[in-house]
Undergrad: 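Quick one: this structure, given as structure tokens, is what I'll be asking you about.
To find a chain, count down the sequence lines: A is the first, B the second, and so on, and within it residues start at 1. Remember, predicted model here, so these are calculated numbers, not experimental data.
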Amino acid sequence: MTETAQEQHVELEVGYASGKSIPRKEDGRLVQGQGVFADDVKRHGMGYVHFVRAPYAHARIVSVDVSAAEALDGVYGTLTPDEVAELTDPFFELTTPPGSQIKDYALAVGRVRHIGEPVVAVVAETRERARDAADLVEVEYEPLDVIVDARRAQDGGAPVLHEGAGTNVVWSGRFDWGDIDGALKAADRVVRIKELHFDRFSSTPLECSAALVEYDRGTGQFTLHCNHQMPGVAAIWMGPALRVPLDRLRFVTQDIGGAFGNKITTHTYLTACCLLARKLKRPIQWTEWRTDQHTANAHGNERWFHDIEVAVQNDGTMLGFKVAALDDCGAFPRYEPLGCIIWAQVTPGLYRWRNIRVDFTQVVTNKSPVAPNRGYSRMQQLWLTERICDIVAAELGLDPVEVRKRNYIRSEELPYETPNGCVYDSGDYARCLDIALELIDYDAARARQKEADGKLIGIGIGSTLDSGTNNFGQSTLLNPELQFSGNNEVATIKLDIFGEIVLTLGTVPQGQGHETTASQVAADILGVSPDQIHVRPGHDSYWNSHAGFSGTYASQFAVTGLEAVKGAAEKLSLEIRRLAGGVLGGADPDDVILEGGFAKRKDNPEAALPFMACGAIINANNAAIPPELRDITLNCRYVYVPPFELPDKERKFGNLTLTYATQIHACVVEIDPETGEVEIADYAAVDDCGTRINPQIVEGQVHGATVHAIGAALYETFAYDEYGQLLTSNFYDYHVPHALDLPRIKTGHIESPSPFSSLGTKGMGEGGGAAIHAICSAIQDALRTAGSPAVVNDSFNPPERVWRMLQAPEETAALVEVTTQ
Amino acid sequence: MLLRELDYARPDSVDEAVKLLAAREDARALAGGQSLVNVMKTRVAAPELVVDLNRIDALRGISSNGGALEIGAMTTYAAIVDSPEVAAARPILAEVARTIADVQVRNRGTIGGNICSSDPTNHFPPLLAALGAELVIRSADGERTVSTDEFFEGVFATAVHPGELLTAVRIPAKGDARDGWASATLGRDGTGIVSVAATVSAGNARIAIGCVAATPVIVTASADETAVEDAVGAAGLDPPSDVHASADYRRHLAAVLAARAVRDAS
Amino acid sequence: MKVEGTKEFDAPAQLVWDVLNDPSKMAKLLPGVESFEIQDDRHWKAAVKVPLGMGGLKLNFSFEKVEERPIEYAKLASKGQGVGAIVAMETEFNLKADGERTHMDWVADVRVAGPIGSMGQRVFQPIVNQQVGNVLDALEEQVAEAKGGGTGGAEEGIHPGSPEAYEAEPDAPTHSTDG
Amino acid sequence: MSDHTIAVSVNGERYEREVEARKLLVHFIRDDLDLTGTHVGCDTGNCGACTVLLDGTAVKSCMLLAPQADGAEITTVEGLAGDDGELTPLQRAFHEHHGLQCGYCTPGMLLSATYLLSHTPQPSEEEIRRAIQGNICRCTGYVNIVKAVQAASGGLSPVTET
């Protein structure tokens, strides 16, 4: 049940690599400092770019003077907002009018809208010299009023960030499923929660963004050595903006130092680098520093939940809820407003709630733009559903465990269609919860809670789903004009002249071990060991065959990536067996098996053709091949397309994702009532992502997702002052948990194979922010056990907030009201 | 990460260092560099001459004389943590040094740099203030010794004026005193939110509170927890608010932690 | 941030007013003044190098007297520009004559803009409090000199800074990894 | 302003270079010596990705000026494995116990752990966590890193906690 990955190391039997924790192919280079990260790429004569950034959160640009900078020795040149406005078109916007009128350029044109926004780029012969020159650029600003609090963004007289749009609203709409009004009337009780706040943070990959951009004047081709995690979408943004065909943009990545969604929206910087490479006729090297990344790259979505009403029966059964959600996407939408629909993949969380109404609005503010951040948009919705469970349990004096079990969707009900048409594929939520509770020894913890020794002890639960493999048709529920639907991913595999098997992926890995898991799947199909399969590292859009949705995001590799690998490997297997069958006396492919690098006749294993011979025949010695085998290339490409349909735009109804991995976390916290400091005394994460190809890699993803969420719950926040100044702009003030801050994380799992993927796998890398929910739940539990009526109303709970809840419980208690009817 | 242009000098002796520091108005001594270099990365600090003290052996080392300690200004936190003299004479110095930042920083960061940067969140200002340490300052005109009260002039401002150099920290013998420490930090062993050091002798506590003002705030009280909390409450603290803690919260923590520091000392 | 307070002067209001409205005397309140240029009676400029423990920070200030009601009220706006930091401040003071003595209420609203303005927030307040104190002492000195019929010549060395100048300071420490 | 000629020995190889006094050691190692295994993850000395051994001691190379390393012996991640490419027990343990994901913090982690084992061959879990406190990892939650260091020190109990 809970064996750790490392106990699962076993000798590999050829053909049975899947399901084994084999050490990763990637590690060899990475433990020796031989990885190639974007900032490691160099070229002769390259110039280093430094961006001059906005000192104000909101200001009109009165004038820009680069003459002193350009006059400095060693400076190669500059790029100004005027040049950008002339040489490029605004990046396209996904939303509907008037939000679609927002104009987003590579540099701030006319106005700056958040601290750190790039205004001018300077290129010089050294990093230091570029910075020297940047200090000489003179920009005159006329400060404007600032919007920091999303709740004020729609007030009359509030400054409007984007003149063209005439409003700060990016997108707004109602989602109404079932009959929430009826449910609220029929329910024994109605629990009302005035306001909850999901805080702003991000997973802050340790490697910041970087690029080495080259321009070939002969062919008009740009080559971007970078760490963008979704080059396909970057090209779609950049091509039209730069007015060049997409194939002129070659994206090359090898090792990426973590991305977590934060490297999906760097196209603005990459575009500036392209313009500079073309203008200055030399390679451009861009290094983003930590403070740059914090102030002006990508945060996670901040979200407010207002006027929540939950229909509850006396026994704790919940019939549904309604809520007004307000999402803050910062100064520019970029990947947004997709976050206005992505949450709907998990509308009711893990619960059987049939009546749900969400009035969703997204606004811009003078803060860093957001990008999809691990758990993207679902995490916020799942935090809401988990808060609802705990607040209802607390208010009705029920056991949070019982409330969850009573409302969880039952395993026998799966596959289960949610009120908005998503199909939860498989799982056993109650069982996962039991395992989690066993891991933290729930009963013992409850007992300890009673004999309080000065510390307040709380037990918390976080139940989440990681919805993987998007149906991009969901975008049409936001904007019916968008021409996106379904999903796809590509893999190609070939048998080379000397019998080497070479696999290339359409994905863009950032530490998830794709080279390893892909080789495990292909190896079993081809009857070889994973060591015998070379998976090309990284992604090069010129040599890795890819499709429209290729990339590594949205918890989908285990389905899209591996199904593509499986499809390609099966095609290659069939070709090898057809070829060998022909060569070995006309055997039917079905009578040929692949084993240990040979294609053998089942009826006579002595009759065997080595892969090397197959490769040689097709690649180098093919004149004698009979006509019926001439179509064989031993070079196979497979595009996996998941079985999706178009959602119903009117009802905002349909299956938005293919698989749903379960995460149930449980923890015990100890609160120091004098200081409000929260310590995690015990922590358990139980995961069910269906069939696990490499359990050790899966467990690693669970650890990572858990700690991102622990950081978000206790340490990490992007806090702004009233002027839009970011107060946590580096790792000194933005505290990322280190090894001493964290507990030993216990893990457990069950495997409920997905009926919707042929491998039974489910995407699971993002998790659902379960630790945020579990820690909020535990703090709530500790407060109530201590007799405090306080309500945990924020996802971020630093010591002072916890202390305040203890000091002035009425402040948060007033947010909740229960009526009996 | 990209510093302003600068000159670099690496003297072998204190005299040479003092000469260099006096010679140019914009000269700055570089000790462990675990603060200064980071500030120079932002270009907020941009000394034209950096005088690297790391090769001046005379500034390193710990000696004990009848329980009184003399610690060279360039002695690293790591050296203090490992010092048998410190363990014997004033172990609190090692206990606190062990919680500063991390291993790499403790390998470079020095006690002299720590107090000369006079950052309110640093550990040593309140600790040395509680212990009644004396600071030895050298200049071309000779040597002078100041108390911590005189030494800490403000945020980033100390009695080490242009052309001067802190050479040593003197800690009086412990006698019958007991030392204690308590702090609230950003993450475990992280940046101080409020730090309190206490020395208890003959039933009286001398308490130094860090992160609640520009310089350590000294409070004395009889060494019982309620008396201490009352004394801190009556000290009229006016702490700063920042993203990590409001003034109210810091004021509250000061009292709570002072009591704990005294408990730790008893 | 807003800081405010009161100050008593052992001098008549007219004299305090004259000191507060004399740019050349104002110059002597500023720290590390490298140059001072009076444009007209409402506008003046100063280049200062704020003496930081971590090193000097150069800022170019421009001052404007935006409002005045002799001899009781004046409002001063100033803006300082340095590498990565823009400092803006509004100062207001109200004088109440009390025979030969003067009571002053003052308010200063200061802010630092610029990416590095986000750093060092925690030391911002102590620095301001401390420096405001120094400015007021220096002011008292100027008033005393004026009263004593002195030339108003400042003594050697750098005068304690005014809040305007010190606003740019807080960036420094937040990068500290302690020591 | 002033340039300095410095001589350092990195991973046993001697380099003599002219550097600007203001250049950080980490940039000297990455940009001038082309040893790109040493990484930069922050600009405040917090993350530890730039950790190297300076005369045998773990330091963060982003908080030293290049001239300060004049005459020093430096070990970077490239210098850990033997000339024959044989991995150290720590490198092997990181591989076997999945102690890395994206691999960006790994060089710094390995050097901090190498330094730990050089003076504490059999560290406790608390000692391991303390030793890598100055190295931020955003992928692993440190769980498997701690396991790997325990394994390399022979201290990993066969029954791991679940």
Undergrad: Take atom CG in Asp83(D); do more than 12 heavy atoms of anything else shown fall under 6.0 Å from it?
TA: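 Counting other residues, nucleotides and ligands, CG of Asp83(D) stays at 12 neighbours or fewer.
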
Undergrad: Leu54(D) versus chain B, heavy atoms under 4.5 Å apart: side chain, backbone, both or neither?
TA: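 Side chain of Leu54(D) only, per the 4.5 Å heavy-atom cut-off to chain B.
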
Undergrad: Can you name the ring-ring contact (aromatic ring centres under 6.0 Å, His included) partners of Phe151(B), sequence neighbours left out?
TA: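 Phe151(B) satisfies ring-ring contact (aromatic ring centres under 6.0 Å, His included) with no residue once adjacent residues are dropped.
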
Undergrad: Quick check on Leu65(D) against chain B: is it the side chain, the backbone, both or neither that has a heavy atom closer than 4.5 Å?
TA: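 The answer is the side chain of Leu65(D).
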
Undergrad: Closest heavy-atom contact between Ile111(B) and Tyr77(B)?
TA: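 It is N-CE2, 4.0 Å.
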
Undergrad: Under 3.5 Å, is there a donor on one side chain and an acceptor on the other for Gln104(B) and Thr51(D)?
TA: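 Checked: Gln104(B)/Thr51(D) side chains pair up, N/O donor to acceptor below 3.5 Å.
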
Undergrad: Using a 4.5 Å heavy-atom cutoff, which residues in residues 54-62 of chain B come close to chain D?
TA: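 Result: Asn54(B), Arg55(B).
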
Undergrad: Assess whether atom CD of Glu126(D) is packed by more than 12 heavy atoms of other residues, nucleotides or ligands within 6.0 Å.
TA: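 Check passes, neighbour count above 12.
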
Undergrad: Take Val51(B) and Leu30(B) through the test side chain to side chain contact (heavy atoms under 4.5 Å, CB included) and record every step on the way to the result.
TA: CA-CA 6 Å; Val51(B) 179; Leu30(B) 174 62; over 6 Å; no

Undergrad: Evaluate side chain to side chain contact (heavy atoms under 4.5 Å, CB included) for Arg10(B) paired with Leu53(B), printing each intermediate quantity in order.
TA: CA-CA 7 Å; Arg10(B) 192 169 55 217; Leu53(B) 307 178; over 6 Å; no

